[in-house]
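Everything quoted here is computed from the prediction, not taken from an experiment.
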Amino acid sequence: MLKGFLLFATLLFLLSLQPFEKSHAEEKDTYICPMECKNLEFDKPGNCPVCGMDLVEKAAFLKQDTRKKVGILIFDGVQIIDYTAPYEVFGQADCNVFTIAETKQPITTSMNMTVTPKYDFASAPQVDILVVPGGSIDSPINSAKTIQWIKETSAKAQYVLSVCNGAFLLAKSGLLDGLSATTFYGLLDELTRQATKTKVVRNQRFVDNGKIITTAGLSSGFDGSLHVVSKIRGKGEAQQIALHLEYNWQPDSKFARAALADMNVPNIGWPDGTQWKFLRTEGTTDHWEMDGLLRTDMTKEELLNHIRTGLVARANWKETKTKQSPVNSNWTFSDRDGNPWKANVQVQTAEKEQNAYVIKLVFDRAGTAQAFK
């Protein structure tokens with residue numbers, strides 16, 4: 001009797017589950033494209049008819065990655081540190097970081113690194129942060145498709161960050177009009193010529209306009225990326241990431257390559273067959289010392305004469321009449337902002353080497369404590 005009761009009770013329990021199981025079985029999973037193409041939905045797995053991506057379950061997708069999407073543009077000739085420094089910083093900040101190129105074909109960076117982009121323009125998701133690095137930019141800046149993609153992607157992005165001469169791509173896209181910007185120190189004059197509606201900044205590692213942030217060259221991408229992290233996650237988290245990377249991040253640092261005193265050294269040109277080697281070059285924004293080894297067939301006097309002619313003709317330096325000798329000369333000149341400087345040039349015969357000279361250059365901003373007398 002007890003056995004029959006147990007069998008009857010079990011049957012009732014199973015019957016009570018049937019409506020639930022039937023209802024659950026009748027529910028169908030909905031599948032969508034992870035790229036959210038046209039917001040299409042499908043009742044079975046497969047491939048997106050728009051972009052070809054594998055369809056995913058909608059419910060799971062809606063619960064998935066909520067991290068900031070950081071898309072980094074790459075192209076043939078891209079400078080490695082320009083895109084990898086931001087990749088590292090934003091990755092450490094737990095962002096969803098990926099590369100995007102015009103096509104999915106592998107690209108070759110500067111110094112011949114081969115990289116396969118994760119997305120092409122057609123399949124890339126909308127990004128929260130767009131990173132535009134520099135390098136050899138002839139290809140992207142002359143690609144109407146790339147410039148149009150930058151315009152459209154930037155319009156929907158929360159932040160846009162350029163590194164080095166990636167600023168020229170932003171300028172070509174019209175994104176720097178009416179803003180301040182910086183770039184690689186050797187291209188600041190060129191940016192001034194090309195971006196006539198932009199105020200070019202020479203003494204900052206990065207320039208923040210709110211949404212658009214530009215950085216100077218190469219390692220400055222670390223600074224700009226950490227600055228963006230501080231905007232989205234707070235200064236403390238950006239500082240912690242910098243410490244973890246063992247990077248001496250100083251957001252208010254005045255170190256900018258274009259602001260250093262040696263930018264005042266003119267290129268006077270050397271005759272064919274001359275070989276130049278830096279022995280030492282160091283200083284600050286107000287003082288610089290430079291020693292170089294020059295191998296040449298010129299005599300010491302001919303060499304100093306060549307230097308004198310070059311300084312006068314190419315940089316409008318003026319030689320003073322004090323403390324002169326055939327191997328030692330003092331000079332005055334003005335920088336691009338009209339600030340006065342003093343300089344001393346010496347030519348010495350190199351020891352233990354024929355047809356070689358050591359050229360010493362010291363110069364200081366006039367009125368500073370280190371200005372030589």
Side-chain angles (χ1 to χ4, degrees), residues 33 35-39 50-51 53 68-79 82-83 86-87 90 95-105 107 115 117-184 187-188 190-201 206-216 220-221 224-225 227-228 231-232:
C33 173
M35 300 297 103
E36 301 179 280
C37 291
K38 298 183 178 180
N39 295 316
V50 178
C51 70
M53 293 285 289
K68 291 284 187 182
K69 294 183 179 69
V70 180
I72 302 179
L73 174 68
I74 58 174
F75 44 84
D76 282 327
V78 65
Q79 192 73 33
D82 282 12
Y83 82 89
Y87 202 115
F90 288 116
C95 295
N96 179 9
V97 191
F98 44 83
T99 53
I100 308 171
E102 188 167 328
T103 73
K104 288 185 178 180
Q105 294 300 312
I107 63 101
V115 182
K118 184 169 184 179
Y119 298 110
D120 59 14
F121 292 166
S123 63
Q126 175 57 45
V127 303
D128 300 298
I129 300 167
L130 173 63
V131 179
V132 180
S136 179
I137 62 171
D138 287 349
S139 176
I141 206 167
N142 290 305
S143 167
K145 189 174 182 179
T146 297
I147 297 302
Q148 184 62 29
W149 179 82
I150 291 174
K151 288 180 181 179
E152 294 175 354
T153 304
S154 298
K156 299 178 181 179
Q158 183 179 4
Y159 294 108
V160 179
L161 172 70
S162 73
V163 182
C164 200
N165 61 331
F168 285 80
L169 297 175
L170 298 190
K172 182 70 177 290
S173 303
L175 298 177
L176 298 185
D177 290 353
L179 304 181
S180 297
T182 191
T183 188
F184 179 65
L187 294 173
L188 288 165
E190 185 62 26
L191 184 62
T192 300
R193 285 190 290 269
Q194 291 192 23
T196 57
K197 298 180 181 179
T198 302
K199 179 183 177 181
V200 176
V201 177
F206 64 88
V207 177
D208 183 359
N209 294 281
K211 175 176 178 174
I212 308 292
I213 299 100
T214 59
T215 73
S220 300
S225 300
H227 178 66
V228 174
K231 288 165 75 79
I232 62 175

May I have the step-by-step check of side-chain contact (heavy atoms from CB on, under 4.5 Å) for Thr182 and Phe206, ending in yes or no?
CA-CA 7 Å; Thr182 191; Phe206 64 88; 5.7 Å; no
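Of the possible donor and acceptor atoms, none in the side chain of Asp82 sits under 3.5 Å from a partner among the backbone N and O of Gly221. Put simply, the side chain of Lys68 never gets that close to the backbone of Phe90: no donor and acceptor are under 3.5 Å apart. Proximity of a side-chain donor or acceptor of Asp177 to a complementary backbone N or O of Thr198 within less than 3.5 Å is not detected. Side-chain atoms of Thr153 come within 3.5 Å of backbone atoms of Trp149 as a donor-acceptor pair (strictly under, hydrogens ignored). No donor-acceptor pair closer than 3.5 Å links the side chain of Asp208 to the backbone N or O of Ile213. Judged by distance alone, the side chain of Lys211 and the main-chain N or O of Ala157 form a donor-acceptor pair under 3.5 Å.
Atom CD1 of Ile150 and atom CD1 of Ile100 lie 10.5 Å apart (nearest 0.5 Å). Between the OG atom of Ser139 and the CD atom of Glu102 there is a distance of 7.0 Å, given to the nearest 0.5 Å. To the nearest 0.5 Å, atom CD1 of residue Ile137 and atom OG of residue Ser143 are 12.5 Å apart. Here the CG atom belonging to Leu73 is positioned 6.5 Å from the OG1 atom belonging to Thr146, to the nearest 0.5 angstrom. With values rounded to the nearest 0.5 angstrom, Gln79 atom CD is found 6.5 Å from Cys164 atom SG. In this structure, NE2 on His227 lies 8.0 Å from OH on Tyr159, to the nearest 0.5 angstrom.
Classified by interplanar angle (parallel below 30°, tilted 30° to 60°, perpendicular above 60°), the ring pair Phe98/Tyr119 is perpendicular.
By the 6.0 Å contact criterion, NZ on Lys172 is enclosed, its count of non-hydrogen atoms from other residues, nucleotides or ligands being greater than 12.
In plain terms, the two heavy atoms of Leu175 and Leu179 that are nearest each other are O-CD1, 3.2 Å.
Among the candidates Leu176, Thr183, Leu161, the single residue satisfying the side chain to side chain contact (heavy atoms under 4.5 Å, CB included) test with Thr214 is Leu176.
In this structure the side chain of Phe75 reaches within 4.5 angstrom of the side chain of Leu169, judged on heavy atoms. In this structure, Pro86 and Val163 have side chains that are in contact, with non-hydrogen atoms separated by less than 4.5 Å.
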